[in-house]
Student: 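Following this message is one structure expressed as structure tokens.
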2 protein chains.
Amino acid sequence: MDVKTLCLAVLFKGEATGYEIKKAFEEGPFAHFQRASFGSIYPALSRLLAEGLAEAEAREQDGRPDKKVYRLTAAGRDAFHQAIGQDPEPDQFRSDMLFLLYFARELPMDRVADLIDRYIDSYRSQAEHIVACRAQRLASGEEIDPGRWLVSGFGVAIYQAAADYLIENRDRLLSGNGRLPEAAE
Amino acid sequence: MDVKTLCLAVLFKGEATGYEIKKAFEEGPFAHFQRASFGSIYPALSRLLAEGLAEAEAREQDGRPDKKVYRLTAAGRDAFHQAIGQDPEPDQFRSDMLFLLYFARELPMDRVADLIDRYIDSYRSQAEHIVACRAQRLASGEEIDPGRWLVSGFGVAIYQAAADYLIENRDRLLSGNGRLPEAAE
DNA sequence: TAATGCATGTAATCGGTTACATGATTCA
DNA sequence: TGAATCATGTAACCGATTACATGCATTA
């Protein structure tokens, strides 16, 4: 998904500054499945202005530098609806972890163990983080958006499954380094 | 992972042509977690030659155009070991499907249902495909590479989990469109 | 006082995709 | 006859990242 569409999407949920849009990809609702940098966000926002899809308002702040709050126009909302109406190609997951583990035989055992442990940790903590966010949203009493709920639930399920798989197969890979793992299936 | 390293990796497993390397990302062992196009593979192979990491041999074929078989040099194998010795950053999954489903409320119900069904199918068929490959490898009697086995198992687990999650939550999202899904947790 | 957070933006660079160019063989 | 497979490569283009430039306020 290109950054322009991503900005359209964030702004569709409400007005925001470039800085806040960045945060939406770091901590916010899109954190675990999309990302964008300032170097792509600011030019994208300028393009949105130029194309009449958004309008900006400068807001003064005490002390802080001014912020520029972007808001979609009617044309912008249309453009967004059109964008999500397109047919997507199936997702393909790219993973450096799998690339590395594929070559487990070429690496020292302790290095493999370390890699697996680190990935278990990162998957687990990501799952826990999302779970915490969900609990908080539930407790807050705010209205729950079904799409958002489904998406965060998906994140939990996938990260959990990834961590579980690694935990279950860690020792098999390490001890059986050369022998047949998981043969009893 | 850049294409140069990816080529290094494929060649580490044995000599190959550019065309065969491409296939490794389409049907081969790297299919479900890395990808590369001709436009990046051929220049990468030239670079490997120029840097002395690989050597090529032209092989004539009956009828077919000549093929150029690449093979790593000792320096190439070193470079590969060095590459997999680097510390990777954690994987981040990017997903257009999740992006779309996040905005379920903005889409017609039948469109959402169709999207989910298509993704269930694609996840399920990817899982089944990997399972079939694994069964075949097991039956073939060839030696099983533990790293490769772990990686393909990971693929099965993740795709399975993704499909399962969507199946379980499909109707909740569709019927409760506006109400609270999965509240009974 | 050093780092972090808030805040916006540009420029160099890079890596990769898409499309193009070429051409024979085999299979439906 | 047309499509798919095998086979190699180039060039235009694009999107995005990284690093840079600036600057104030707060917190450790």
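Labels below follow one simple rule: chain letters A, B, ... track the order of the sequence lines, proteins then strands, and each chain is numbered from 1.
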Student: Could you measure the distance from the OG atom of A/Ser125 to the CD1 atom of A/Ile120? Nearest 0.5 Å is fine.
Tutor: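 Spacing of OG (A/Ser125) from CD1 (A/Ile120) equals 12.0 Å.
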Student: Do B/Leu166 and B/Met97 have side-chain heavy atoms sitting under 4.5 Å apart?
Tutor: yes
Student: By nearest atom, which of the nucleotides C/dG16, D/dT8, D/dT17 is closest to the B/Lys68 side chain?
Tutor: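 Nearest nucleotide to the side chain: D/dT8.
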Student: Side chain of A/Ser40: nearest nucleotide among D/dC6, D/dT17, D/dT10?
Tutor: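 Of the candidates, D/dT17 comes closest.
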Student: Categorize A/Gly18 for me: base, sugar-phosphate, or nothing, with a 4.0 angstrom heavy-atom threshold over every strand shown.
Tutor: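 Touches sugar-phosphate only.
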Student: Looking only at side-chain atoms of A/Ser37, point me to the closest of D/dT18, C/dG15, D/dC6.
Tutor: D/dT18
Student: Nearest to the side chain of B/Arg35 - C/dG16, D/dT10, C/dT17?
Tutor: C/dT17
Student: Expressed as a whole number of angstroms, how long is the span from A/Ile41:CD1 to D/dT17:P?
Tutor: 9 Å
Student: Between B/Gly39 and B/Glu27, who's closer to the 5' end of DNA chain D by nearest nucleotide?
Tutor: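 The residue whose closest nucleotide sits nearer the 5' end is B/Glu27.
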Student: Would you classify B/Ser46 as touching base, sugar-phosphate or nothing, given that sugar-phosphate means primed atoms plus P, OP1 and OP2, and contacts are heavy atoms under 4.0 Å?
Tutor: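 The residue B/Ser46 makes no contact with any strand.
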Student: Could you tell me the separation between the CG atom of B/Leu6 and the P atom of C/dG16, rounded to a whole number of Å?
Tutor: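 Computing the B/Leu6:CG to C/dG16:P distance gives 8 Å.
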Student: Does NZ or CZ of B/Lys67 fall inside the cone over B/Tyr19's six-membered ring, less than 6.0 Å from its centre and within 45° of the axis?
Tutor: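 Output no; distance or angle outside limits.
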Student: Could you give the NZ-to-P distance, from A/Lys67 to D/dA25, as a whole number of Å?
Tutor: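 It works out to 16 Å between those atoms.
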Student: Considering every strand and a 4.0 Å limit on heavy-atom distances, what is the contact class for B/Tyr70: base, sugar-phosphate, or nothing?
Tutor: sugar-phosphate
Student: Are A/Phe154 and A/Phe33 an aromatic pair by the rule of ring centers under 6.0 Å?
Tutor: no
Student: Could you state the atom-to-atom distance from NZ of B/Lys23 to C1' of D/dA4 in whole Å?
Tutor: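 My rounded result for the distance is 13 Å.
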Student: Output the rounded distance in Å from CD (B/Glu26) to P (D/dT5).
Tutor: 10 Å
Student: Could you tell me how far apart B/Tyr19 (OH) and D/dA4 (P) are, to the nearest whole angstrom?
Tutor: 12 Å
Student: Give the rounded distance in Å between these two atoms: CG of A/Asp2 and C1' of C/dT18.
Tutor: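 About 16 Å, once rounded to whole Å.
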Student: What is the distance from NZ of A/Lys22 to C1' of D/dT17, rounded to the nearest Å?
Tutor: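 In whole Å, D/dT17 C1' and A/Lys22 NZ are 11 Å from each other.
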Student: Taking the ring of A/Phe80 and the ring of A/Phe12, is the distance between their centroids below 6.0 Å?
Tutor: yes
